[in-house]
Amino acid sequence: MRKLLTTVAVTALTLAATAVAAQAAPAPGGPGLGDRYYPDYGNSGYDVSHYDIRVRYTPATDRLTGTTTILATATQDLSRFNLDFVLDVSSVLVNNRPATFTRQGDHELVVTPARPIADDGRMTIVVQYSGVPSTKTAAGFTAWIRTPDGAMAVGEPEIAWWWYPSNDHPLDKATFDVSISVPDGVEAISNGVMPRPPVRETLNYTRWSWRSLKPQATYLTFMTVGQYDVTQDTDAVGRPVYNAYSQLLSQDFRDAAEASVERTAEIVNWEETVFGPYPFEAEGGVVGPPETLGFALENQTRPNYSWAFFRRGANTSVIVHENAHQWFGDSVSVARWEHIWLNEGFASYAEWLWSEKNGEGTAQEIFDYLYATTPADAPIWTTAPADPGVAQLFGDAVYDRGAMTLHQLRLAVGDDDFFEILRTWTAQHRYGNATTQQFIDLAEKISGENLDALFQAWLFTPSKPAVTGATTLARTAPVAPKSWAKISQTHELLHRN
């Protein structure tokens with residue numbers, strides 16, 4: 001009997017040890033983070049805390065060489081992991097040991113470390129690479145924008161693949177050091193602050209250094225290179241302001257651009273009174289050369305603007321929009337891309353509030369005009385903002401109907417609760433990610449009201465909602481608010497992203 005019990009005990013221990021060993025076996029990270037719009041964007045198995053990007057770029061040949069060091073932590077026992085990247089890789093080190101690597105699909109770099117990484121283990125990943133970004137295609141296109149005097153690495157939701165390896169999804173934010181070596185006399189601009197002035201190197205190159213101190217999504221990290229006039233200042237509270245204007249702009253465009261972008265600090269200071277404290281360490285803007293960038297993007301601390309926004313003169317509407325994104329999109333980022341209205345609807349409503357502030361049309365007047373002049377079969381109504389699909393990710397429903405949703409919420413709960421909702425939202429999810437349902441829950445909690453019917457009609461139903469009571473439109477011909485021409489022009493260009 002004792003022998004039998006001993007045998008049973010040994011067998012049980014052996015089975016338990018086998019189960020533990022099997023459970024602890026390192027496994028590959030996944031090529032994606034569960035985003036149903038972009039299933040293979042980002043990668044599971046690790047979390048990045050910092051990128052150190054060090055590149056050299058030659059405008060004449062469009063050739064880029066670089067070394068990116070990634071600091072990350074494994075979120076599982078990890079046998080291999082993926083990075084999103086399309087340039088040619090020459091070597092990868094993981095924790096100071098050479099790693100093997102291979103390609104998978106059009107943008108996945110699969111890395112196998114010399115030793116598995118334990119769950120919660122630190123990783124220092126060093127990738128050396130080179131290539132001509134404008135010749136690389138992934139996801140059916142090339143996001144890299146080559147200009148007559150340089151390049152603009154600016155795009156959404158993809159751009160990082162063309163100039164640095166990353167875990168490319170807003171769920172994995174990190175801090176950044178970006179160092180760009182360019183020929184003497186060429187400027188290189190990125191996010192954050194300049195920790196040191198440009199430094200002359202050998203072979204007639206100069207290195208520009210930029211540092212982002214707060215968590216930043218990979219697509220919001222940018223590199224703009226060319227002939228630029230760069231200005232430096234501080235705002236009323238001492239934050240650095242860096243602006244840059246392409247020297248290829250004609251004087252009329254340059255004047256209109258400066259009359260807009262140089263008001264960034266004023267606009268950000270006003271937005272703080274509406275949305276809460278500014279979340280980042282610097283401000284500014286970049287205006288690209290003619291016939292290059294066709295849209296604007298809310299790059300963290302320093303949006304990039306197409307020259308076309310200033311074709312008809314100064315345009316503060318786009319400055320308001322892109323800087324509102326510093327709160328809505330950059331600090332509070334989408335958990336998945338289907339929630340994009342949380343970025344664009346809020347930034348669009350900021351334009352309405354700016355119009356209201358400046359006496360160029362109230363938010364109600366803008367709502368009424370947009371509602372009255374948009375037919376029921378227009379895409380703004382046939383697309384649900386809360387789930388627009390990839391094809392309508394930057395469509396009217398996301399921008400304009402998103403703003404209309406917020407206005408309906410404001411009418412339903414009153415100004416006090418509405419603006420408390422906005423400020424609480426930006427505070428609770430600062431430097432993080434969020435979903436539509438979380439916003440609905442917060443709105444109901446602060447207002448104490450059941451808002452299911454409102455959000456169902458305005459966010460989730462692909463048809464034109466009815467408006468009643470205070471928002472019933474007069475039967476007279478609608479009159480466009482003074483601000484509407486600039487807002488509509490701005491959105492026409494923004495939709496080109």
Side-chain angles (χ1 to χ4, degrees), residues 20-53 68-87 89 92-95 97 99-127 129 138-139 156-162 164-176 215-221 332-340 342 390 393 429 431-438:
V20 169
Q23 183 179 6
L33 281 172
D35 193 310
R36 63 190 182 92
Y37 281 17
Y38 300 102
D40 60 352
Y41 286 22
N43 307 283
S44 65
Y46 64 97
D47 181 77
V48 177
S49 59
H50 183 73
Y51 292 91
D52 182 273
I53 304 168
T68 290
T69 301
I70 303 170
L71 305 182
T73 302
T75 57
Q76 65 177 67
D77 291 326
L78 199 59
S79 61
R80 69 171 186 261
F81 58 89
N82 287 25
L83 295 167
D84 300 297
F85 196 49
V86 300
L87 294 187
V89 175
V92 180
L93 297 176
V94 179
N95 293 343
R97 288 174 168 81
T100 59
F101 56 91
T102 188
R103 292 287 183 182
Q104 178 180 303
D106 64 4
H107 69 271
E108 297 283 350
L109 180 68
V110 183
V111 178
T112 303
R115 300 181 301 179
I117 310 298
D119 186 15
D120 204 37
R122 295 286 294 162
M123 294 193 294
T124 300
I125 307 158
V126 181
V127 183
Y129 52 92
E156 179 186 14
E158 315 91 344
I159 189 56
W161 310 349
W162 281 266
Y164 71 96
S166 70
N167 193 13
D168 193 28
H169 193 279
L171 278 174
D172 195 0
K173 299 183 183 183
T175 56
F176 282 79
Q216 182 169 289
T218 47
Y219 81 94
L220 295 171
T221 306
V332 184
S333 301
V334 294
R336 294 182 299 279
W337 282 105
E338 68 198 69
H339 304 296
I340 187 68
L342 292 171
V390 173
L393 198 67
H429 299 284
Y431 310 131
N433 304 82
T435 67
T436 297
Q437 189 58 55
Q438 288 175 307

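A quick note: this is a predicted structure, and the numbers were derived from the prediction, not measured.
Asp172 contributes atom CG, which lies 11.5 Å from atom OG of Ser333 (distance to the nearest 0.5 angstrom). Note: Arg80 CZ to Thr100 OG1 = 9.5 Å, rounded to the nearest 0.5 Å.
Checked against side-chain hydrogen bond (donor to acceptor under 3.5 Å, both in side chains), Tyr51 has no partners two or more places apart in sequence or in another chain. The side chain to side chain contact (heavy atoms under 4.5 Å, CB included) test applied to Pro39 returns no partner, not counting sequence neighbours. Tyr219 meets the ring-ring contact (aromatic ring centres under 6.0 Å, His included) test with Trp337; sequence neighbours excluded. Listed by chain and number, the residues in a side chain to side chain contact (heavy atoms under 4.5 Å, CB included) with Thr75 are Asp47 (sequence neighbours excluded). For Leu171, the side chain to side chain contact (heavy atoms under 4.5 Å, CB included) criterion is met by Leu33, His169, Ala335, Asn433, not counting sequence neighbours. The ring-ring contact (aromatic ring centres under 6.0 Å, His included) check on His107 picks up Tyr41, Trp161, with sequence neighbours excluded. Taking Thr68 as the reference, Tyr129 meet the side-chain hydrogen bond (donor to acceptor under 3.5 Å, both in side chains) condition, with sequence neighbours excluded. With sequence neighbours excluded, the residues satisfying ring-ring contact (aromatic ring centres under 6.0 Å, His included) with Tyr46 are Phe81. Residues that satisfy the side-chain hydrogen bond (donor to acceptor under 3.5 Å, both in side chains) test with Asn82, not counting sequence neighbours, are Glu108. Residues that satisfy the side-chain hydrogen bond (donor to acceptor under 3.5 Å, both in side chains) test with Thr221, not counting sequence neighbours, are Gln216.
Residues Val92 and Leu83 form no side-chain contact, since every pair of their non-hydrogen atoms from C-beta on lies 4.5 Å or further apart. Taking 4.5 Å as the limit, some side-chain heavy atom of Phe176 sits within range of a side-chain heavy atom of Tyr164. Under the 4.5 Å side-chain criterion, counting only non-hydrogen atoms from C-beta, Glu156 is in contact with Ile340.
Of all heavy-atom pairs spanning Met123 and Asn95, the tightest one is CA-OD1, 3.3 Å. Heavy-atom minimum distance, Ala99 versus Val94: CB-CG2, 3.8 Å. Minimum interatomic distance between Val334 and Pro170 (heavy atoms only, all atoms of both residues): O-CB, 3.7 Å.
Of the possible polar contacts, none joining the Asp52 side chain to the Thr69 backbone as a donor-acceptor pair under 3.5 Å is found. Within the 3.5 Å criterion, the main-chain N or O of Ser49 finds a donor-acceptor partner in the side chain of Thr175. Judged by distance alone, the side chain of Asp168 and the main-chain N or O of Asp84 form no donor-acceptor pair under 3.5 Å.
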Can you list the steps and then say if Asn167 with Thr218 is a side chain to side chain contact (heavy atoms under 4.5 Å, CB included)? CA-CA 8 Å; Asn167 193 13; Thr218 47; 5.9 Å; no
Run the side chain to side chain donor-acceptor pair (under 3.5 Å) check on Thr435 and His339 step by step: do they pass? CA-CA 6 Å; Thr435 67; His339 304 296; 5.0 Å; no
Criterion side chain to side chain contact (heavy atoms under 4.5 Å, CB included) on Arg103 and Val89, from CA distance to verdict: CA-CA 10 Å; Arg103 292 287 183 182; Val89 175; 3.9 Å; yes
List the atom pairs, donor and acceptor, that lie under 3.5 Å between side-chain atoms in residues 111-122 and the rest of the protein, sequence neighbours left out.
from, atom 1, to, atom 2, distance (Å)
Asp119, OD1, Gln76, N, 3.2
Arg122, NH1, Thr73, OG1, 2.9

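Pairs of residues two or more places apart, or lying in two chains, that qualify as salt bridge (charged side-chain N to carboxylate O under 4.0 Å, His left out) and include a residue from residues 29-46 are Arg36-Glu338, Arg36-Asp387.
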